[in-house]
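This report concerns only the one structure given below.
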Amino acid sequence: MGSRQITEKSLAMLRSLPRISLANLRDNPGSRKNNKRGRGQYGGDKHGAGNKGSNQRQNYMRLGYETGNNPFYLRMPHESYYKGHHHRREYPPISLLQLQKLIDTDRVDIDKPIDIASIVKSGLYHFFPDQKHFGVNLTDEGADIFAAKINIEVQWASEQVIAAIEKNGGVITTAYYDPHSLLLLKNPKKFFETGQAIPRRMIPPPDAIEYYTSAEMRGYLADPEKISEDRLRLAQKYGYELPVLENDSNYSMLCERKDPRQIFYGLEPGWVVNLKDKCILKPKDEELLRFYAS
Amino acid sequence: MIDDTEDAKAREAEIEMKRNISRLSSAHYNIINDRKPYEEPKSLAHLTVKYNRKIYGKYGIASGVNPNICWPTKQEIADKKEFESVAFPYTIKEMMETAAENRRQQNLKIELREKDVAAKFAKLDQWKKELNSKIAKKAAEVQAAKQKKERLVEEVRRHFGFTLDPRDERFQEMLAKREKEQKKQEKLAKREAKEKNMIAKLQQQNIEINEKS
Amino acid sequence: MATVWRSQYAFARFFVGKTVRILNNASDLGARLKPESISIPLSRKYSNYAASPFVSKIQEQYEFEIVKNPPEWGYVERFLPLETVPQIKPKESYPSGWIAPKEEAKNLPYYIARNKNHQIPIYLEIGYRGQRKITKIKRIEGDIWLMNDLIKKYLKNKCNRYVETRVHEMGKFIDVKGDYVNILIDWAHAQGF
């Protein structure tokens, strides 16, 4: 058929048509719809309110009202099982398969430690700290095909995930960030443009402290010796050879961890980062230093 | 030759102004050209710390803002410390200890309950047996009483020749007679049994004496 | 200096409970304001300029050092957002199942270009409450009619049924009636797109 002829034709057209100007541009038909004005035959008369009844008289029944009988939204009394659900923390998930896809398509740099800021930087993961989201939950979908050596820091992980990452010679840590720190991590550029000093990260609440101090979950407050013991235990449980990290070329990168009061890698609390001038202001005042080091 | 006189400068400024045909406000024009929007503060908001921090963050030192304001004041630091002492009253060690303590308490409770249940379980078979025997005994008793009653009725009927109601007077009289007779018999039987025992004993004693001598 | 009252409630915290007080920098000394109009307390939930103090009130002078081109700048650049989706460097294997486009595919008379995220542009469009499923193959260059014939033949052999398609030459897409997304993606990978 004529795909060649069509290109020839269109090129010929292009050569002969006049140059584009405001005079010969027009919107695509159907892209703009005129607003209905309340005058004349179509917009006027009853003004879209129909005939008589509560609708035309703008006397609508409230949402959910069922003309007198017990409405659906009032039929169910309180159920005890969802008590306090709005106080519970949420961790929006990302699976190991998705993480592998990000790594394969170079959207996440594995030569540097991965934390929630780098995952959000890829543009394919979103979370909202103001909706009680407290970080990343790494799920085990894709644990069997995961093959990347990474130093990753998440907020929640299960045993299979930890095993899958350590099997490939990587390091996983679970760390707690309070909502203010998460807002900073979500959009670091916006934070630096407000010109504030980097704040300290807060300690976890009492009901989360057990998770983040346990070696089984690789908590950031746990004892490193217990963590290495647990690495061995997991290797035995899931049947893989525990890779020796010290012999790795990337050992220093893999060991890089954040201080419990630190929000960003490499940047201490109290510093003011200016993106325009490409400079960092570090305070020298004693009281400030004491406050930010506490 | 560079004409540096004031007239030339004024003319240059005028030309620059005329070059700007964007019809943007001066603030927006400055923002587009990466300068801070307002040179002079036009609103109370422009005098606040928050606004000036933002201007410093976006435009750097060129904005002319003193970076001192980026850090919190002493009062703010004190306030923050107070807030944190109230919002996060426990240190990590304390929290760990309380959590461990809670865990221990829970486990202890579970253990005690399990022990309790295990102890009771061991006795379960015995209890079952006891219960069954109790029930059987009761049933047996009831059965025995019923049978006895029936027997009596039979006997009385045989004696009288017709079924007599147990509650009748004659029945009661019969029963009473019967009981007396039975008692007499029992007494006789007992006496005989006793005599037999005595005789047996004496005989035994005689045998022993004979053996000794 | 002109004073601009943004809203009635701006800076109201200065005179909540203090009805007789000289106001901050207000040239009319609050003549326009009445205490009743500021009875509504300032909402502390949202951060606004009114809750922030004036710069002139700050007396603290901190010592600080400005470090130009600091060695930690690498850490800062790490989390600045990228302008575009990065190009993919070739690797030995892609465990997630991503298949790179092959050079030989450019010799074919037709071509399916990858999209911005380096994926094959074959999508499923579902309409009418799930009753209509259309597989859309977008970004087709070259001889689209030839490709259409090939696809129809391939699907006829694979699925033992006639498959209806719609070719849009100007829009550079083909609509296939039915859900053949995975089959067509495998076909495209086999071709090398």
Side-chain angles (χ1 to χ4, degrees), chain B residues 17 20 22-89, chain C residues 1-16 18 21-33 37-38 42-70 72-73 75-77 79-81 83:
Chain B
M17 258 180 46
N20 176 14
S22 61
R23 295 185 278 173
L24 290 172
S25 66
S26 58
H28 288 154
Y29 191 67
N30 285 333
I31 293 174
I32 294 278
N33 291 325
D34 285 330
R35 292 190 291 271
K36 72 173 190 180
Y38 296 101
E39 293 295 324
E40 292 292 321
K42 293 257 172 67
S43 138
L44 280 171
H46 296 166
L47 303 169
T48 57
V49 162
K50 184 171 171 194
Y51 180 81
N52 283 295
R53 277 184 187 162
K54 274 192 181 172
I55 293 292
Y56 177 70
K58 285 213 181 91
Y59 302 109
I61 291 190
S63 63
V65 174
N66 184 1
N68 261 314
I69 52 168
C70 299
W71 288 283
T73 62
K74 303 258 164 44
Q75 182 57 42
E76 280 176 13
I77 294 179
D79 288 340
K80 256 196 218 161
K81 281 201 177 134
E82 201 190 315
F83 177 80
E84 278 167 27
S85 68
V86 174
F88 310 102
Chain C
M1 186 197 9
T3 52
V4 174
W5 287 106
R6 284 267 185 80
S7 74
Q8 222 183 7
Y9 313 125
F11 307 101
R13 63 164 180 128
F14 292 125
F15 18 77
V16 160
K18 302 168 191 173
R21 193 176 144 93
I22 303 296
L23 307 167
N24 258 319
N25 298 20
S27 49
D28 58 357
L29 297 174
R32 272 189 293 154
L33 282 169
S37 65
I38 318 165
L42 196 67
S43 166
R44 295 258 175 191
K45 285 190 181 163
Y46 299 107
S47 166
N48 46 15
Y49 288 122
S52 170
F54 291 131
V55 176
S56 48
K57 293 284 157 70
I58 306 273
Q59 277 114 23
E60 267 85 351
Q61 290 293 323
Y62 291 120
E63 264 184 50
F64 57 91
E65 52 167 337
I66 304 180
V67 183
K68 293 252 166 71
N69 302 320
E72 295 95 1
W73 198 252
Y75 290 108
V76 174
E77 294 200 320
F79 43 62
L80 292 178
E83 303 278 308

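Every chain is numbered from 1 and lettered A, B, ... according to where its sequence line falls, protein lines coming before strand lines. Atom set for the values below is all heavy atoms of this structure, side chains included, hydrogens, waters and symmetry mates excluded.
Between B:Ile69 and C:Val55 the shortest side-chain heavy-atom distance falls below 4.5 Å. Side-chain contact between C:Phe54 and B:Leu44 is present, with heavy atoms from C-beta onward closer than 4.5 Å. Side-chain contact between C:Gln61 and B:Asn66 is present, with heavy atoms from C-beta onward closer than 4.5 Å.
Rounding to the nearest 0.5 angstrom, the gap separating the CD atom in C:Glu60 from the CD1 atom in B:Ile77 is 8.0 Å.
Taking each heavy atom of B:Thr48 and C:Tyr49 in turn, the nearest pair found is CG2-O, 3.5 Å.
Aromatic ring orientation, C:Tyr62 versus B:Trp71: perpendicular (interplanar angle above 60°, classes split at 30° and 60°).
Within a 6.0 Å radius of CD in C:Glu65, other residues, nucleotides and ligands contribute more than 12 heavy atoms. More than 12 non-hydrogen atoms from other residues, nucleotides or ligands lie less than 6.0 angstrom from CZ of B:Phe88.
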